Amino acid sequence: MRIDPWSSHQYADYSRLRDEFGIEPFTYGEEMAKLGVDSALFRHGVVFGHRGFQSVLRAVQRREPWVLLTGLMPSGNFHLGHKMVIDQVKAYQKLGAEVFIAVADIEAHVTRGMSLEKAREIAIDQYVKNYLALGLRPERAQIYFQSRRQAVKDLAWRLGRRVNWTTMQSIYGFSGETNMGHAMAPLIQVGDILHVQLPEYGGPRPTLVPVGVDQDPHLRLTRDLADASRVYSVQATEQGVGLFVKPDDSVKDHIERARKALADAGFSRVKENVAYKAAYVAGAGPDEVPAIDAALAALEASTGNYGFLAPAATYHRFMSGLTGDKMSSSKPETSVFLTDPPDVVKKKMLNAKTGGRATAEEQRRLGAEWDKCTVAETYTYHLSPDEADLREKYEACTTGKRLCGECKGIAIERANAFLKEHAEKRAGITPAILEQVVRDD
Ligand code: TRP
């Protein structure tokens, strides 16, 4: 199986994805609640998988700097599916993230033929304004364009040196017909993700990329290229935490520099084995690996290397469309757009696919099928303010106490109240506020 980030296929067999690609189950809902973010997105498996999330959690717990980067593909109308992404970003802002959002204008151009001007217009009018109205805080947040950020494009070229065409073919299924712009798009995305660790953007630090699972190929490529950028590879061993020098020359110098950097970071018991291109921090165990690795990454960054820490990723499910098919901005009936008027919302939701039974009598007797219902999903993702409310909706549904018509009525009322408030907030987004977050370099 291969994941194609540009197809319109929905990868919905989540356990298979985990097994086949080594994505780990996301089990940090409780822990995040303890840290002050209690959200159904994290508790109920909307965010279902991750790679390397522990590195971020550790930074949050220790109040160390970390950074979130995600990207948007400017397509069309902003809908509830897009809102789910920004709800995550808001949660992570609470946990101390510095936020970068890439507008994938180069990607939209090379894969869909969209002009950069059009991409910019859609990004600002549909995405940025809605993000801000939804509560993205402009402090320590920036939204930039791939086409305008030189550091991103430079990284694409420079890290391109470390990946060959055979690898790109096997990851993405590229062939002789693939245009070169498209072929470069993954490297641009690598540039997006890693540029936040360049010295001028804050240096090496834990990085989180929350995305849909269709983006996993890019994350695998990026994590590999981050590792490839390193001078030292750090690993727990039986002799303590080992650091292994990757280049073949100046091994002794590399080890001496590492020793100094580690002493400054509080690790003084370093034993070297130059013949083995290694040194060991005696007495240190797996828990110390992140601190040792961070100290060495910082050293690398200060001596002309990249020292990129492999970025973590979380993967979310996509909300089903209200019709039961894929949610899509080009198919209005599949989702509530954030600019829909009340009667349109009502119509869309009354037509939504539910888990209702054939007759009311049967439903009172058996209860409805919550897991098959798009309105239930809408409550989970968006309309239930808390755990208790969601539980009440679930119980009333599955015991047959509340039938679909009534349940939809409540959902419509809530959706319209939310949209009314959203429209007011959106109208209050001034050019000055936009200027605070939108960067032109
Ligand atoms: N490829 C992403 C999409 O199709 C957009 C994107 C560009 C992105 N750069 C990114 C996502 C960096 C995450 C991180 O939606």
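Note that ligands are numbered from 1 as they come in the structure, with each ligand's atoms numbered from 1 the same way. Given the structure is predicted, the values throughout are model-derived calculations rather than measurements.
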How close does the nearest protein non-hydrogen atom get to atom 9 (N) of ligand 1, and which residue and atom is it?
Asp192 OD2, 2.7 Å

Considering non-hydrogen atoms of the protein only, which is the closest contact for atom 4 (O) of ligand 1, and what is the distance?
Gln215 NE2, 3.5 Å

Of all the atoms in ligand 1, which lie at a distance below 4.0 Å from a heavy atom belonging to Gln146?
7 (C), 9 (N)

Against heavy atoms of Ala104, which atoms of ligand 1 measure under 4.0 Å?
5 (C), 7 (C)

Please list all pairs passing the side-chain hydrogen bond (donor to acceptor under 3.5 Å, both in side chains) test where one or both residues lie in residues 56-71, with sequence neighbours left out.
none

Under 4.0 Å from a heavy atom of Leu69: give me the atoms of ligand 1 that qualify, with their elements.
12 (C), 14 (C)

Look only at interatomic distance and state if His218 has a nitrogen or oxygen under 3.5 Å from any nitrogen or oxygen of ligand 1.
no

Are Glu333 and Lys348 ion-paired here, with the side-chain N under 4.0 Å from a carboxylate O?
no

Without hydrogens or angle criteria, can the side chains of Ser175 and Gln169 be said to hold a donor-acceptor pair below 3.5 Å?
no

May I ask you to say whether Lys393 pairs ionically with Asp389, meaning some side-chain N is under 4.0 Å from a carboxylate O?
yes

Check for me whether the distance between the ring centres of Trp6 and His218 falls short of 6.0 Å.
yes

I need the nearest protein heavy-atom contact for atom 5 (C) of ligand 1: residue, atom name and distance, please.
Glu107 OE1, 3.7 Å

For Met73, the atoms of ligand 1 under 4.0 Å from one of its heavy atoms are 3 (C), 4 (O), 15 (O)

Residues in side chain to side chain contact (heavy atoms under 4.5 Å, CB included) with Asp249, at least two apart?
none

